[in-house]
Amino acid sequence: MPEIIEVEITKQKLKSAIQGKRILDFWTDWPRGLISQEGGMKKTTKKLKGKKINGLSRKGKAVILNLEGHKILAIHQRMSGHMPVNLPENKHTRFRIFLSDNTDVSLVDPRKFGVVWYGSEKWFNEQPYIKNLGYDAMSIKRSQLFRILSNSRSSLKSLLLNQSKIAGLGNIACDEILWRARLNPLCRSDTLNVREAELLYKSIYTILADVLRYGGTSMSNWRHPDGEQGNYQKKFKIYKQKKCVRCKKSIKSEKIAGRSTYFCKICQPSKI
DNA sequence: GTATTTGTTCAATA
DNA sequence: ATATTGAACAAATA
Ligand SMILES: [Zn+2]
């Protein structure tokens with residue numbers, strides 16, 4: 001499930017678990033998931049061995065291990081990944097990072113969509129996914145959002161999902177944000193008035209704060225690095241819901257911007 | 001067998 | 001240049 005908040009939680013909990021430790025070994029059963037400046041697993045592992053983890057950070061939905069010597073080991077959990085600490089290997093374990101102090105971190109990822117990058121900071125920041133990220137959804141300014149809105153002729157749903165405009169929002173957060181803001185997902189972004197844009201801005205912050213407060217969303221496999229489950233799935237107002245809690249009418253989903261989109265036709269009316 | 005899935009990228013098309 | 005749509009990636013689940 002990892003959307004921005006799940007990635008943020010992963011980063012935070014990994015920080016307390018592994019910051020300052022050294023990498024002893026690196027393992028995979030899915031070498032196709034590695035994108036490395038060094039080429040393959042063998043050379044990458046050789047470079048990783050002995051490197052200290054100076055800090056943890058995040059760009060978009062990527063968790064970043066900042067290593068000594070300005071090197072980066074970064075992970076994108078994509079659709080089905082999570083990053084447990086000290087979990088024994090299972091059939092879905094794709095990568096493992098063995099650390100000093102008998103600690104290890106895994107990328108467990110049944111669908112194998114996850115990606116692991118290794119390279120210099122400079123190289124990493126030139127990777128297309130990273131290079132193209134827009135303003136981070138957790139810190140975008142009102143003026144930045146307003147400018148993006150007025151310059152986009154695409155639908156709101158498509159804009160919010162577009163990582164090169166706003167980085168981090170996923171399908172669930174988008175639907176919850178638009179429901180809270182009472183905005184139709186098909187509404188053209190550059191037609192919002194100031195009141196609507198302000199409501200959208202507030203809704204981004206409110207929903208993300210809520211997701212964080214409830215520890216993220218655990219729909220199937222996603223867990224915190226320490227094994228804790230998120231509970232935001234119990235707080236959904238619109239995503240996967242049958243009935244709107246505001247107007248009591250039934251909710252239908254449509255495919256918008258390539259994704260299942262849940263919205264209330266009464267509370268989020270189309271202006272056209 | 002069917003359809004769906006928290007994400008991203010790419011090709012084809014308008 | 002922008003925007004949209006569908007397919008692809010791979011596996012689990014309903
Ligand atoms: Zn409603």
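Naming convention: chains lettered A, B, ... in sequence-line order (proteins, then strands); numbering from 1 in each chain.
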K.L.:
Any luck finding a side-chain donor-acceptor pair between Lys21(A) and Thr103(A) under 3.5 Å?
P.N.:
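Yes, Thr103(A) and Lys21(A) have a side-chain donor paired with an acceptor closer than 3.5 Å.
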K.L.:
Under a plain distance cut-off of 3.5 Å, with no hydrogens placed, do Arg180(A) and Ser203(A) share a side-chain donor-acceptor pair?
P.N.:
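Checked: Ser203(A)/Arg180(A) side chains pair up, N/O donor to acceptor below 3.5 Å.
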K.L.:
For DNA chain C, what residues of residues 150-164 of chain A have any heavy atom nearer than 4.0 Å?
P.N.:
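Those residues are Ser152(A), Arg153(A), Ser154(A), Ser155(A), Ser158(A).
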K.L.:
Between dT5(B) atom C1' and Glu3(A) atom CD, what is the distance in whole Å?
P.N.:
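Taking atom C1' of dT5(B) as the reference, CD of Glu3(A) is at 12 Å.
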K.L.:
Roughly how far apart, to the nearest Å, are dG6(C) and dA3(B) at atom P?
P.N.:
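Going atom to atom, P in each nucleotide, I get 14 Å.
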K.L.:
Using the test ring pair (Phe, Tyr, Trp, His ring centres under 6.0 Å), find all partners of Tyr205(A) that sit at least two apart in sequence or belong to another chain.
P.N.:
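Tyr205(A): ring pair (Phe, Tyr, Trp, His ring centres under 6.0 Å) contacts with Tyr201(A).
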K.L.:
Could you state the atom-to-atom distance from NZ of Lys252(A) to P of dT4(B) in whole Å?
P.N.:
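Nearest whole value for this atom pair: 17 Å.
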K.L.:
To the nearest angstrom, how far is Arg58(A) atom CZ from dG7(B) atom P?
P.N.:
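Distance, rounded to whole Å: 13 Å.
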K.L.:
Just to verify, which of Leu161(A), Ile140(A), Ile4(A) counts as forming a side-chain contact (heavy atoms from CB on, under 4.5 Å) with Ile166(A)?
P.N.:
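Of Leu161(A), Ile140(A), Ile4(A), side-chain contact (heavy atoms from CB on, under 4.5 Å) with Ile166(A) is met by Ile140(A) alone.
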K.L.:
Any side-chain donor-acceptor pair under 3.5 Å between Asn66(A) and Lys71(A)?
P.N.:
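No donor-acceptor contact under 3.5 Å links the two side chains.
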K.L.:
Could you identify which residues of residues 30-40 of chain A place a heavy atom less than 4.0 Å from some atom of DNA chain C, listed by residue number, or say none?
P.N.:
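Trp30(A), Arg32(A) - these, ordered by number, are the residues of the stretch whose heavy atoms sit under 4.0 Å from the strand.
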K.L.:
Roughly, in whole Å, what's the span from OH in Tyr262(A) to P in dT4(B)?
P.N.:
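My rounded result for the distance is 10 Å.
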K.L.:
Under a 4.0 Å N-O cut-off, is there an ion pair linking Lys46(A) with Glu38(A)?
P.N.:
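Here Lys46(A) does not pair with Glu38(A) in a salt bridge, since their nearest N and O are not under 4.0 Å apart.
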K.L.:
Taking the six-membered ring for Trp, are Tyr232(A) and Tyr214(A) parallel (under 30°), tilted (30 to 60°) or perpendicular (over 60°)?
P.N.:
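Taking Tyr214(A) first and then Tyr232(A), their aromatic rings sit tilted (interplane angle of 30° to 60°).
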K.L.:
In whole angstrom, what separates Phe113(A)'s CZ from dT5(B)'s C1'?
P.N.:
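One finds 9 Å between C1' of dT5(B) and CZ of Phe113(A), rounded.
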K.L.:
What contact category does Gly170(A) fall into here, base, sugar-phosphate, or nothing, at under 4.0 angstrom with non-hydrogen atoms?
P.N.:
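Contact class for Gly170(A): sugar-phosphate only.
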K.L.:
Tell me whether the rings of Trp222(A) and His224(A) are parallel (<30°), tilted (30 to 60°) or perpendicular (>60°).
P.N.:
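Answer is tilted, since the angle falls between 30° and 60°.
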K.L.:
What is the minimum heavy-atom distance between Thr93(A) and Asp29(A), and which atoms define it?
P.N.:
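Of all heavy-atom pairs spanning Thr93(A) and Asp29(A), the closest is O-OD1, 3.3 Å.
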K.L.:
Any carboxylate oxygen within less than 4.0 angstrom of a Lys/Arg side-chain nitrogen, looking at Glu254(A) and Lys265(A)?
P.N.:
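Yes, this pair counts.
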K.L.:
Would Ser80(A) and Asp109(A) count as having a side-chain donor-acceptor pair, cut-off 3.5 Å?
P.N.:
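Yes, a side-chain donor-acceptor pair sits under 3.5 Å.
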K.L.:
Tell me, which of residues 118-136 of chain A have any heavy atom that sits under 4.0 Å from an atom in DNA chain C?
P.N.:
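Within residues 118-136 of chain A, no residue comes under 4.0 Å of DNA chain C.
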K.L.:
Between Arg58(A) and Asp136(A), is there a salt bridge with N-O shorter than 4.0 Å?
P.N.:
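Yes, this pair counts.
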K.L.:
Tell me whether the guanidinium CZ or amine NZ of Arg94(A) lies under 6.0 angstrom from the six-membered ring centre of Trp27(A) and within 45° of its axis.
P.N.:
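Negative - Arg94(A) is either too far from the ring of Trp27(A) or too far off its axis.
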K.L.:
Do the side chains of Glu196(A) and Arg182(A) get close enough for a salt bridge, i.e. N-O under 4.0 angstrom?
P.N.:
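Result for this pair is no, no salt bridge flagged.
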K.L.:
State whether Glu68(A) and Lys51(A) are salt-bridged, where the test is any N-O pair (Lys NZ or Arg NE/NH1/NH2 against Asp/Glu carboxylate O) under 4.0 Å.
P.N.:
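No, no charged N to carboxylate O under 4.0 Å.
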K.L.:
Taking Watson-Crick and G-U wobble pairs with both distances under 3.5 Å, convert DNA chain B into its dot-bracket string, 5' to 3', dots for unpaired and | for cross-strand pairs.
P.N.:
.||||.||||||||
K.L.:
What is the first contacted nucleotide of DNA chain C and what is the last, in 5' to 3' order, if contact means an atom lying under 4.0 angstrom from a heavy atom of chain A?
P.N.:
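Result: dT2(C) to dA12(C).
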K.L.:
Looking only at atom P, what distance separates dA12(C) and dT8(B), rounded to whole Å?
P.N.:
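Looking at atom P only, dA12(C) and dT8(B) are 22 Å apart.
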K.L.:
To the nearest angstrom, how far is Gln77(A) atom CD from dG7(B) atom C1'?
P.N.:
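So the CD-C1' distance, Gln77(A) to dG7(B), works out to 11 Å.
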K.L.:
Measure CG/Asn221(A) against P/dT4(B) and give the value in whole Å, please.
P.N.:
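The distance from CG of Asn221(A) to P of dT4(B) comes to 21 Å, rounded to the nearest Å.
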K.L.:
Parallel, tilted or perpendicular: which describes the rings of Trp117(A) and Phe124(A), with under 30° parallel and over 60° perpendicular?
P.N.:
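Trp117(A) vs Phe124(A) ring planes: perpendicular.
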